[in-house]
There are 2 protein chains.
Amino acid sequence: MASRPTLVSVAAQLGLSRQTVSNAINAPERVNPETLKRVREVIAASGYRPNAAARQLRTRRSRNLGFRLFPTVDGINGAIMDRFLHSLTENLQLHGYRMTLFAASSDRAEIDSYGELLETADLDGFILTGTHHGDERGRWLMEREVPFVAFGRPWSTDDSGCPYPWVDVDGRAGTAEATADLLGRGHRRIGFLGWPESSEVGANRRSGWEAALSGVLAPGELKSLSVGVPDGIRDGAAGALKLLANGATAIVCASDSLALGASEQLRTASPGVPPAVIGFDDTPVAAAVGMSSVAQPVEEAARHIVKIMRGLLEGPAERSEPAAHVLLAPRLVLRDSGGPLATPIAL
Amino acid sequence: MASRPTLVSVAAQLGLSRQTVSNAINAPERVNPETLKRVREVIAASGYRPNAAARQLRTRRSRNLGFRLFPTVDGINGAIMDRFLHSLTENLQLHGYRMTLFAASSDRAEIDSYGELLETADLDGFILTGTHHGDERGRWLMEREVPFVAFGRPWSTDDSGCPYPWVDVDGRAGTAEATADLLGRGHRRIGFLGWPESSEVGANRRSGWEAALSGVLAPGELKSLSVGVPDGIRDGAAGALKLLANGATAIVCASDSLALGASEQLRTASPGVPPAVIGFDDTPVAAAVGMSSVAQPVEEAARHIVKIMRGLLEGPAERSEPAAHVLLAPRLVLRDSGGPLATPIAL
DNA sequence: CATTCACTTTTGATCGTTCAAATTCATTTA
DNA sequence: TAAATGAATTTGAACGATCAAAAGTGAATG
């Protein structure tokens, strides 16, 4: 046993042909049950594993999927990408798939990489993140019939008619739930701290807040209780100040970064009272400071994506069914929203 | 041109043999300069790209490296892994390498994956992170002569004699610089807020603080000014309280999470004064709240790792030189250490 | 008893590349 | 002039798997 076993060496050991051994692995139903058993025993004993390169050369399948790494922008919200990536890798692994990373600084660069990766690395498909309105990536991939699943809606006029599969989290439902919770605690003038209009994810999250308050506040009041700022703690603090000035007593935020800033402003405005602020993404920072936040079920999203992807890759070639769309409900994680930053802990 | 160009199709177009075209790509010096030029033109025009699977099958090289994803523990400090991963991917990409991810919940599981990945995916090597004393992973890989580079020292008794290559950041130098800076600002009783004794990285960072203060404080005083707690904002707050009780006026921390907690305690203890706290890792949270921190040059580390890895994979087979060890100096990033959490921002 | 059939196993070709060993042809050397 | 050298190119044989089609079983069918 000098070198690694191959199909031929295993077959020779059994007095069978390579193809029978191959069938035992890939199409067991074609093999005589008794033979199958013998083959399997020898495979297990010899530690034989099919060579990926040879298989790939013949089948044109690599069992490798591409995933683009974005330049790190905000490490606070980026933390959920971490969880997503881990969960994705883990789930793919369960089914014999692997993930190949690549870096790209823009969507255009990402598309350029597709060609490169498809041709040189024989990737079977891609997983897209950060989709936005007018995203060219989906179109490019569809034109070439490259399998892919997006984490995030396309944000086109009619998401449900989208020709490619996506999995997303219902941000709107999340902010609505957060707002409802604050209403239940007696708040009426609840502000929304989000991103500028151009952000589709932001608009979606804002809509949940708006819907929850539509019967409570007048449209004019709603308008004065919503601000859009870039993402970040400082921006959040600045935005919160404006909301406070407009009479807000509680704030629902589009991200934990914003919420962290807002939280501090509310605390300064009314010392002693735990700030009624709810963040988004339930990042470790939120957990650490004891801030309530809307948690995205990224693990569940990863599972769905893997399932859909497997359907694309392993399902029948003629798939006339429409592309799968999964919208997952987030979960509101309630904490005291005050925590150690407000009240020093005694030993 | 229905299907993808191959060596044979390109050769036919040129009236040459496949091998000449192959040589033009892999050993240009063997090809007549004029022929070379012609071949290159046709390659460029046809968009030919060598098929990775075929190449891999023949050469037993995949140009793919493995990277283990750890379960996300702390999203605050995990953010630097994000940057590292991105930088690594980017640098490898420049040289035609790719990274394959895999998830493992323990070192033992990681080792199990090695076998699997080496056999089925033909990975050329691995990049290790989170090395610790008595790490079995390095040994396993060395025994099988699998190329790998570690990000992090082995933390054995004599790191410089380590038989395998590593790149690490000199944490000791970082905390020493941080401590020196605080000394320069007039502080004397500077505390160290780190992890329990068992952490080697923590002990290393502690040693820098100790060295910087050795001529300033008595051993007994040093002892009372150092605490070890698990990582996290709450732990940091608790630890800081203890240091304050022992008379500390400034604190050097082993992580930004700890520093964030400590920062708040100092602010409560002496309102109005920006807290003299320095964190470690320079995470986005530190930047966001305006806290000073010791920045790890992860991009530089990634570059070194890629360089060493390329040496292992592409260098002469007989490499008798000792394994490369690179210790990089971190950089102290000074901020006001107060920021928006302390002073609400006016619009 | 020959034919058909289902089931199981085998054979030959192929995927696209690189290695190792020819082969060609012009040029230098003995 | 024959032989040796050298550079440039070509040929045959892998690498290890899967596909497609053929061949070998034995039982059921007419």
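Per chain, numbering begins at 1; letters A, B, ... match sequence-line order.
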| request: Taking only the side-chain heavy atoms of A/Thr6 (C-beta and beyond), determine which of D/dA17, C/dT18, C/dT17 contains the nearest atom. | output: D/dA17

| Looking for any heavy atom pair under 4.0 Å, which part of the strands does A/Arg49 touch: base, sugar-phosphate only, or nothing? | sugar-phosphate

| With the threshold set at 4.0 Å, does a side-chain nitrogen-carboxylate oxygen contact exist between A/Arg153 and A/Glu200? | no

| field | Atom-to-atom span, CG of A/Leu16 to P of C/dT11 - whole angstrom | value | 11 Å

| message | Rounded to whole Å, please give me the gap between CG in B/Asn51 and C1' in D/dC15. | response | 13 Å

| field | A/Tyr97 vs A/Arg310 side-chain heavy atoms within contact, under 4.5 Å | value | yes

| query | Atom CZ of A/Arg60 to atom C1' of C/dT17: distance rounded to whole Å? | reply | 12 Å

| Rounded to whole angstroms, how far apart are CG on B/Leu7 and C1' on D/dA14? | 15 Å

| note | Here the distance between atom C1' of C/dA20 and atom CG of B/Asn26, to the nearest Å, is 15 Å

| task | Look only at the side chain of A/Arg4 and the backbone of B/Glu119, and say whether a donor-acceptor pair between them is shorter than 3.5 Å. | result | yes

| field | Earlier contact from the 5' end, DNA chain C, for A/Arg30 and A/Arg18 | value | A/Arg30

| request: Would you indicate which nucleotide in C/dT11, D/dT10, C/dT18 comes nearest to any side-chain atom of A/Ser17? | output: C/dT11

| request: Among D/dT9, D/dG16, C/dT8, find the nucleotide with the atom closest to the side chain of B/Asn32. | output: D/dT9

| query | Is any side-chain N or O of A/Arg58 under 3.5 Å from a base N or O of C/dT14, one able to act as donor and the other as acceptor? | reply | yes

What protein N or O atoms touch nucleotides 21-24 of chain C N or O atoms at under 3.5 angstrom, if any, and at what distances?
none

| said: Checking the side chain of B/Arg38 only, and the main-chain atoms of B/Leu14 only, is there a donor and an acceptor separated by less than 3.5 Å? | reply: yes

| request: Send over the distance from B/Leu14 CG to D/dT9 P, rounded to a whole Å. | output: 11 Å

| task | For residues A/Phe151 and A/Trp166, establish whether the separation of their ring centroids is below 6.0 Å. | result | no

| message | Can you measure A/Arg63 atom CZ to D/dA17 atom P for me and round it to whole angstrom units? | response | 15 Å

| request: Examine B/Phe126 together with B/Tyr114 and report whether their ring centres are nearer than 6.0 Å. | output: yes

| So what does A/Thr59 hit on the nucleic acid, given a heavy-atom distance under 4.0 Å: a base, only sugar-phosphate, or nothing? | sugar-phosphate

| When you look at B/Asp107 and B/His132, which way does the side chain to side chain donor-acceptor pair (under 3.5 Å) test go after all the steps? | CA-CA 10 Å; B/Asp107 281 3; B/His132 52 84; 2.6 Å; yes

| task | Between B/Ala54 and B/Thr20, name the one whose nearest nucleotide on DNA chain D is closer to the 5' end. | result | B/Thr20

| note | Testing C/dT9, D/dT9, C/dT17 for proximity to the side chain of A/Asn23, the answer is C/dT9

| request: Round to the nearest Å and state the distance from A/Arg61 atom CZ to D/dT18 atom P. | output: 14 Å

